[in-house]
Amino acid sequence: MFLHLLILIPLSGSSLQDQDPAPSDVLEEVIITASRLDVEESSRFRIGLIDSDKRSPLEARTIGDHMDHEPAIHLQRTSYGQMSPYLRGQTGFRTLILIDGIRLNNSTFRSGPNQYLSLIDPLSLGAAEVIFGPGSVLHGSDAAGGTIALTSRSVEPGPVPMDETRFMQRYASAERSSVSRIEQIQIREDYAIRFGASYRDYDDFVAGRSEGLQENSGYREWSGDLSLVSHLGPELDLMVGIQHHRQEDVPRTHSTIFGSNWHGLQSGTDLQRDIDGGRDLIYFRLRQYHDGDSQSEWTISRQQITDEEDRIRSNGRQRVQGFEDEALGLSYTWDGITRWGEISTGFDFTHESVDSHYTEFDQDGTVLEVRPRGPVADDSTYQLFGAYLQDTISIDDRTSVVLGGRWTRARVDARQVDPDPSDADVIGPIEDQWSDFIGSVRGIYHKEEDLRFFGGLSQAFRAPNLSDLTRFDVGLSGEAEIPAPGLDPEHFLTAEVGVDFIFDQWRGEAVLWHSLLDDLVTRFPTGEVNADGDPIVTKENSGAGQASGFDLRMVRQWDERWSSSFSLSWITGEVEAPVAPGVVEEQPLSRLAPAMARGTLRYQPVQNFSLEASLTVAGNQDKLSSRDLADIQRIPPGGTPGYAVIDLHGRWQASERWHWYAGATNIGDVDYRLHGSGSNEPGASIVTGVEARF
């Protein structure tokens, strides 16, 4: 259930970057994993976020900072160290994140914003793409709003041996931060290896104008990564990836006494609420090249995500809870050109094991309570299996059709669901399974060399996960969520029409899309409160909803030195939401993104030097759901005010060994907040960085 949005692929079939140089926010296309993401005729609207030829890797602090520059992506920051992207009105477990083709999503992901994209080091990445629209045919459950495909930096074997050390250092004044990274690269004829390590130290940051210093916002993080590529034979490669990332004491400031009162917000009552997060990934991939322009891959992986919250309530009691999710994965893909068209097919299987814990302490450190489970059910397993086939068929020289289908099966076995087996409310183990078949059909028509139309219908499927079924935790501004067994899968159907064009020296794309949302799992208040006075909420499949949007992107090269770009995005949507037991109302989608536009002007007098100025504008957002209205620690009464922010960026490659970056961000020191976030953005800031190679 998707169509495409826009496509940054030239109408003649070559890359936009193969023509005149384009502004820095129109990035070259990236090969992710075989033709699942690299077949032009099966492409959806995609945005590249990393282009080392036009942007310094030190320009952005996180992947989220890259995304914040794109109007089609709405970014939410629960805290300054945690962010969650919204694609076509969806986030959390309805947006799929892939790292080197492996799912970052797991069964503990929440429906609302979550922080797990922050567990990937942006300086370890060589490519990042956002693909809009349902991607369930190729990637399975969760890919409803879109897919974020991240690829690690890698090096290839070569005939000329090379040993190189790279060092990066970044400072930012308003962030009061220091970021350091070192990499070691070794290239030989039969193998290549790259090792990298990063360390980040963030002090309490400074927001714009009246907000000033944001107390209790600093944290630390560090990471290490290794990639190996080895030629085992003339047509066989082995790829190994190892990644490690840790975040320490990332505060959720909005729920504490240090929360902001900006535009009528209410600060929280917690004395402390810090999150420790971790991610470890190791994978082995065999890639074989076959006759007839085809290739296949086998991948086995193990990924572990840990999450622990240390929270001190207003009464001085400390609660420590968290989980550990271990996901074992196996996948196979085959891509090639056959007499039936360009085929992409394969299967993927993931088995998760989840453990969770909860302990409450008195002010003097005495243990008051140890629950048999934490935020999600303890001693649980979750399985996903899917098989897919996609075929790109050329009807004639101008027309092609893309047909795809996937069968998915999900199974859950949650043993320890009841948080208090001694009370009268008995919640037994949950065992359930779901399966579904989804499909997509898309068409592309080249009317002329400089004009191409595309459109289609696509489905997506999301099976209930452990967070849906078993979560027992605090959400939003103090809601207490309880388990909800017996949920059904969510279904999505998206229609899309768009055009790629060249008109009067402008190259661009525009798309109009409409999604039908069915059986959405949504929270609703039960009318009860817990012992802490928090309102108790649970979930159900609420019913129907819809979302629509429009996106436009254009670029122009004025002459050899000057270029510019412009993009805008608009979205609206409603859903039938339960507001009380047995009461359903039609409301706006929660945290609906405001209308946004961005313009850039780039000056590049010589190849090794460039300057760029950008203006980002967001409108007021006062279309609020009942949950938005209740989120008084993050969304001001009446909605989030709009803003206009100006940034300047400069880059200078002094030599092959030295690269310099300098930027002035939020030049007007605007005091603003991304809609739905838990903190405001940094004020006027000077950002500097250097990259050295030895």
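For reference, positions follow the sequence shown, starting with 1.
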T108 vs D325, side chain to side chain donor-acceptor pair (under 3.5 Å): CA-CA, chis, key distance, verdict: CA-CA 8 Å; T108 68; D325 182 295; 4.8 Å; no
Do I47 and F132 have side chains that approach each other closer than 4.5 Å (heavy atoms only, starting at C-beta)? yes
Ion pair present between E70 and R553, side-chain N to carboxylate O less than 4.0 angstrom? yes
E681 and R77 ion-paired at < 4.0 Å: yes
Does W434 have R409 sitting over its ring (NZ/CZ under 6.0 Å from centre, angle to axis within 45°)? no
Do side-chain atoms of T399 reach the backbone of Y445 as a donor and acceptor pair under 3.5 angstrom? no
Walk me through whether K623 and D628 qualify under salt bridge (Lys or Arg N to Asp or Glu O under 4.0 Å). CA-CA 9 Å; K623 294 181 179 179; D628 294 338; over 6 Å; no
Approximate separation, where rounding is to 0.5 Å, of T91 OG1 and N114 CG: 6.5 Å
For I148 and L96, run side chain to side chain contact (heavy atoms under 4.5 Å, CB included): C-alpha distance rounded to whole Å, both residues' side-chain angles, the deciding distance at 0.1 Å, then the answer. CA-CA 6 Å; I148 299 171; L96 180 63; over 6 Å; no
Which is it for L328 and T350 under the side chain to side chain contact (heavy atoms under 4.5 Å, CB included) test, yes or no, and what are the steps along the way? CA-CA 6 Å; L328 303 177; T350 304; over 6 Å; no
For E309, does its backbone N or O pair with a side-chain atom of Q321 as donor and acceptor, under 3.5 Å? no
May I ask you to check whether T572 and S548 show a side-chain donor-acceptor distance below 3.5 Å? no
Do L125 and I99 have side chains that approach each other closer than 4.5 Å (heavy atoms only, starting at C-beta)? yes
Restricting to non-hydrogen atoms, name the atom on G277 and the atom on L119 that form the minimum distance, rounded to 0.1 Å. C-CD2, 3.9 Å
Side-chain contact, heavy-atom cut-off 4.5 Å: M67 with L49? yes
We want to know whether E574 and Q587 form a side-chain donor-acceptor pair, criterion being a heavy-atom distance below 3.5 angstrom. no
Taking every non-hydrogen atom, the tightest pair across A460 and I438: CA-CD1, 4.2 Å
How many angstroms lie between CD1 in I536 and CD1 in I482, if you round to the nearest 0.5 Å? 6.0 Å
Kindly write out the residues that satisfy ring-ring contact (aromatic ring centres under 6.0 Å, His included) with Y116, not counting sequence neighbours, or none if the list is empty. F109
Can Y643 and L674 be said to form a side chain to side chain contact (heavy atoms under 4.5 Å, CB included), step by step? CA-CA 9 Å; Y643 57 86; L674 305 180; 3.3 Å; yes
Decide side chain to side chain donor-acceptor pair (under 3.5 Å) for S353 and E326; before the verdict, give the C-alpha distance in whole Å, the side-chain angles of both, and the deciding distance to 0.1 Å. CA-CA 5 Å; S353 300; E326 180 188 57; 4.6 Å; no
So do V441 and V401 actually touch side chain to side chain, heavy atoms under 4.5 Å? yes
Kindly write out the residues that satisfy side-chain contact (heavy atoms from CB on, under 4.5 Å) with S356, not counting sequence neighbours, or none if the list is empty. F323, R373, P375, V376, D378
Distance check, rounded to the nearest 0.5 Å: R94 atom CZ versus N105 atom CG? 12.5 Å
By side-chain contact (heavy atoms from CB on, under 4.5 Å) - contacts of Q115 (at least two apart): Q82, R110, R252, I275, D307
Side chains of V412 and N465: closer than 4.5 Å at any heavy-atom pair? no
Distance alone, cut at 3.5 Å: any donor-acceptor contact between the side chains of S569 and D551? yes
Can you name the residues that form a side-chain contact (heavy atoms from CB on, under 4.5 Å) with D391, not counting sequence neighbours? W340, I343, I393
Starting at CG of D518, measure out to CD of E576 and round the result to the nearest 0.5 Å. 9.5 Å
Enter the distance from H66:NE2 to T62:OG1 here, rounded to the nearest 0.5 Å. 8.0 Å
Return yes if some donor-acceptor pair links the side-chain N/O of T95 with the main-chain N/O of G92 below 3.5 Å, else return no. no
Within-4.5 Å side-chain heavy-atom neighbours: S111 and S467: no
Could I get the full list of side-chain contact (heavy atoms from CB on, under 4.5 Å) partners for S380, not counting sequence neighbours? V354, A377, A414, L466
Can you see which heavy atom on S118 is nearest to which on M83, and at what distance? OG-SD, 3.1 Å
Whether D68 side chain and G64 backbone form a donor-acceptor pair below 3.5 Å: no
Suppose we screen for ring-ring contact (aromatic ring centres under 6.0 Å, His included). Which residues come up paired with F347, at least two apart in sequence or across chains? W298
Yes or no on side chain to side chain contact (heavy atoms under 4.5 Å, CB included) for L589 and S625, after CA distance, side-chain angles and deciding distance? CA-CA 6 Å; L589 287 176; S625 68; over 6 Å; no
Would you sort out whether R406 and D348 count as a salt bridge (Lys or Arg N to Asp or Glu O under 4.0 Å), showing the intermediate values? CA-CA 11 Å; R406 168 182 280 260; D348 41 67; 3.0 Å; yes
For the side chain of T147 and the backbone of I131, is there at least one donor-acceptor N/O pair under 3.5 Å apart? no
Mind checking salt bridge (charged side-chain N to carboxylate O under 4.0 Å, His left out) for E585 and listing every partner two or more places apart, or none if nothing turns up? none
Separation between OG1 (T538) and CZ (F524), nearest 0.5 Å, reads 5.5 Å
Flag side-chain contact, heavy atom, 4.5 Å: S79 against H254: no
Provide the full list of salt bridge (charged side-chain N to carboxylate O under 4.0 Å, His left out) pairs with a residue in residues 454-468, sequence neighbours left out, each pair given once. R462-D468, R462-E490
Would you say the side chain of R442 lies within less than 4.5 Å of the side chain of Q390, judging by non-hydrogen atoms? yes
List in chain and number order the residues that pass ring-ring contact (aromatic ring centres under 6.0 Å, His included) with H675, two or more places apart in sequence or in another chain; answer none if no residue qualifies. none
Modelled atom types, side-chain donor and acceptor of D413 and T381, under 3.5 Å: no
Can a donor-acceptor pair be found between the side chains of R673 and S677 at a distance below 3.5 Å? no
Check: T408/D436 side-chain N/O donor and acceptor closer than 3.5 Å: no
For D280, give me all partners under salt bridge (charged side-chain N to carboxylate O under 4.0 Å, His left out), at least two apart in sequence or on another chain. R246
Does Q243 have any side-chain hydrogen bond (donor to acceptor under 3.5 Å, both in side chains) partners at least two apart in sequence or in another chain, and if so, which? D100, S152, R279
Only counting residues at least two apart or in another chain, list the ones meeting ring-ring contact (aromatic ring centres under 6.0 Å, His included) with Y86. H74
